[in-house]
S.K.: 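Can you read through this structure? Questions will come right after.
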Amino acid sequence: MRIVHVSDLHLTKPFEFGAFWGKRLLGSLSWFRKKQFEHKLTTLEMVFQQLLLENPDIVAITGDLVQLGLAKEIISAKNWLSDQVKDVEIIIVPGNHDIYASESLNNILTQWSKFLKLDEPYHDKFPSCALYGDLVLFGLCSALPTPFWSAQGFIDHEQFYRLELL
């Protein structure tokens with residue numbers, strides 16, 4: 001079994017500078033001042049094409065597919081992944097940029113459901129669990145929406161409890 005792990009793809013960009021308030025305004029300012037020069041989609045596409053030449057069975061993505069956790073970005077990321085990776089299993093555990101604000105998680109649960117590997121009865125809560133033969137992959141999510149000037153993570157006791165049940 002061949003697994004490729006990637007993180008912090010930041011494959012989308014904010015759609016309009018200044019169209020946001022609060023934390024997203026600061027995040028978009030950071031994007032337009034600096035991050036747009038660091039996170040190039042063309043480079044990411046080249047890396048992904050090389051990655052796929054290795055014939056992985058699974059691509060595990062741990063966070064930050066998007067910049068500001070906007071609904072349009074979440075949909076765009078899903079479409080990009082579906083276009084790039086056709087015959088490879090994808091597993092996603094969202095990061096702090098994906099769950100940038102409280103409504104981001106609902107959009108992720110809707111748009112990325114096939115990539116999250118969340119099982120009943122906790123179809124909207126982590127940890128995720130995916131079984132591949134003798135291999136079991138668990139994904140705990142520490143991403144939380146946070147206020148201005150902060151980005152932190154925390155894994156609550158409920159995730160550990162649910163992990164024991166899996």
Side-chain angles (χ1 to χ4, degrees), residues 1-14 27 31 35-100 104-145 151-166:
M1 169 107 7
R2 185 169 276 202
I3 302 171
V4 173
H5 172 238
V6 293
S7 182
D8 294 277
L9 303 179
H10 293 277
L11 61 89
T12 62
K13 61 182 179 180
W31 168 261
K35 299 293 183 187
Q36 70 173 320
F37 304 110
E38 297 171 1
H39 300 293
K40 299 270 188 197
L41 187 57
T42 54
T43 303
L44 180 60
E45 287 173 346
M46 289 185 337
V47 168
F48 247 78
Q49 290 309 309
Q50 280 302 122
L51 173 149
L52 294 174
L53 290 175
E54 297 297 321
N55 296 316
D57 297 297
I58 301 168
V59 175
I61 304 172
T62 53
D64 295 351
L65 276 81
V66 301
Q67 299 296 330
L68 304 176
L70 296 164
K72 286 182 181 179
E73 288 182 297
I74 291 165
I75 292 167
S76 179
K78 176 188 75 171
N79 293 338
W80 186 87
L81 282 173
S82 296
D83 289 345
Q84 293 290 314
V85 185
K86 302 225 185 282
D87 299 323
V88 178
E89 186 74 24
I90 299 173
I91 298 171
I92 296 175
V93 176
N96 65 309
H97 281 262
D98 303 318
I99 304 178
Y100 210 74
S104 301
L105 181 58
N106 289 331
N107 291 322
I108 286 169
L109 291 171
T110 301
Q111 296 298 323
W112 297 353
S113 60
K114 74 177 189 175
F115 305 127
L116 297 176
K117 312 303 180 205
L118 299 174
D119 291 325
E120 296 294 337
Y122 304 111
H123 65 279
D124 62 344
K125 298 189 181 339
F126 283 87
S128 58
C129 179
L131 179 63
Y132 302 97
D134 293 337
L135 174 70
V136 180
L137 294 177
F138 297 103
L140 286 94
C141 182
S142 64
L144 302 168
Q152 60 190 11
F154 178 77
I155 299 174
D156 63 19
H157 68 282
E158 287 182 26
Q159 278 195 71
F160 287 115
Y161 173 74
R162 287 190 295 274
L163 184 62
E164 289 178 5
L165 298 176
L166 294 174

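Remember, predicted model here, so these are calculated numbers, not experimental data.
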S.K.: If I take atom CG from residue Asn107 and atom CD1 from residue Ile99, how far apart are they, to the nearest 0.5 angstrom?
M.R.: 11.0 Å
S.K.: Got a second to check how far Ile74's CD1 is from Leu68's CG, nearest 0.5 Å?
M.R.: 10.0 Å
S.K.: Going by heavy atoms in the side chains, are Ser142 and Phe154 under 4.5 Å from each other?
M.R.: no
S.K.: Apply side chain to side chain contact (heavy atoms under 4.5 Å, CB included) to Cys129 and Val136, showing your working.
M.R.: CA-CA 7 Å; Cys129 179; Val136 180; 3.9 Å; yes
S.K.: Measure the spacing between NZ of Lys117 and CG of Leu131 and express it to the nearest 0.5 Å.
M.R.: 12.0 Å
S.K.: Determine, step by step, whether Asp156 and Tyr161 satisfy the side chain to side chain contact (heavy atoms under 4.5 Å, CB included) criterion, reporting the C-alpha distance in whole Å, the side-chain angles of both residues, the deciding distance to 0.1 Å, and the verdict.
M.R.: CA-CA 9 Å; Asp156 63 19; Tyr161 173 74; over 6 Å; no
S.K.: Run the salt-bridge test on Glu158 and Lys125 with the 4.0 Å N-O cut-off and return the result as yes or no.
M.R.: no
S.K.: If we only count heavy atoms from C-beta on, is the Phe48 to Leu11 side-chain gap below 4.5 Å?
M.R.: no
S.K.: Counting only N and O atoms by type, is there a donor-acceptor contact under 3.5 Å from the side chain of Asp98 to the main-chain atoms of Gly63?
M.R.: no
S.K.: Report yes if the side chains of Ser128 and Leu116 come closer than 4.5 Å at any heavy-atom pair, otherwise no.
M.R.: no
S.K.: Nearest 0.5 Å please: distance from the CH2 atom of Trp112 over to the CG atom of Leu105.
M.R.: 10.5 Å
S.K.: Any non-hydrogen side-chain atom of Ile3 less than 4.5 Å from a side-chain atom of Tyr132?
M.R.: no
S.K.: Run the side chain to side chain contact (heavy atoms under 4.5 Å, CB included) check on Gln49 and Leu53 step by step: do they pass?
M.R.: CA-CA 6 Å; Gln49 290 309 309; Leu53 290 175; 5.8 Å; no
S.K.: Between Tyr100 and His97 (judged by ring centroids, cut-off 6.0 Å), do the two rings come close enough to count as a pair?
M.R.: yes
S.K.: Side-chain contact test, heavy atoms from C-beta onward, threshold under 4.5 Å: evaluate it for Leu81 versus Val59 and give yes or no.
M.R.: no
S.K.: Using every non-hydrogen atom in the two residues, find where Phe126 and Gly139 come nearest and quote the distance to one decimal.
M.R.: CD2-O, 3.4 Å
S.K.: Below 4.5 Å, heavy atoms only, C-beta onward: do Leu51 and Val85 meet side chain to side chain?
M.R.: no
S.K.: Taking all heavy atoms of Gln159 and all of Cys141, pick out the closest pair and write down the distance.
M.R.: NE2-O, 2.6 Å
S.K.: Answer yes or no: is there a side-chain heavy-atom contact under 4.5 Å between Phe115 and Ile61?
M.R.: no
S.K.: Where do Met1 and Ile58 come nearest, in terms of heavy atoms and distance?
M.R.: SD-CD1, 3.5 Å
S.K.: Testing the basics here: between Arg2 and Glu54, what is the closest heavy-atom pair and its distance to 0.1 Å?
M.R.: NH1-O, 2.8 Å
S.K.: Working to the nearest 0.5 Å, report the span between CD1 of Ile75 and OG1 of Thr110.
M.R.: 9.5 Å
S.K.: Evaluate Leu118 against Leu109 for side chain to side chain contact (heavy atoms under 4.5 Å, CB included), listing each step before the verdict.
M.R.: CA-CA 9 Å; Leu118 299 174; Leu109 291 171; 3.7 Å; yes
S.K.: When you look at CD of Glu38, are more than 12 heavy atoms from neighbouring residues, nucleotides or ligands closer to it than 6.0 Å?
M.R.: yes
S.K.: Are any non-hydrogen side-chain atoms of Ile108 and Ile92 less than 4.5 angstrom apart?
M.R.: no
S.K.: Determine yes or no for a side-chain-to-main-chain donor-acceptor pair under 3.5 angstrom, with Thr12 supplying the side chain and Val66 the backbone.
M.R.: no
S.K.: Between Ala143 and Pro94, what is the shortest heavy-atom contact and its length?
M.R.: CB-O, 3.8 Å
S.K.: Between CG of Leu140 and CG of Leu163, what distance do you get to the nearest 0.5 Å?
M.R.: 5.5 Å
S.K.: Counting distance only, does the side-chain N/O of Lys40 pair as donor-acceptor with the main-chain N or O of Phe37 below 3.5 Å?
M.R.: no
S.K.: Is there a donor-acceptor contact under 3.5 Å from the side chain of Asp57 to the main chain of Glu89?
M.R.: no
S.K.: For Ser82 and Lys114, which heavy atoms make the closest approach, and how far apart are they?
M.R.: OG-NZ, 4.1 Å
S.K.: More than 12 non-hydrogen atoms from neighbouring residues, nucleotides or ligands closer than 6.0 Å to CG on Asp83, yes or no?
M.R.: yes
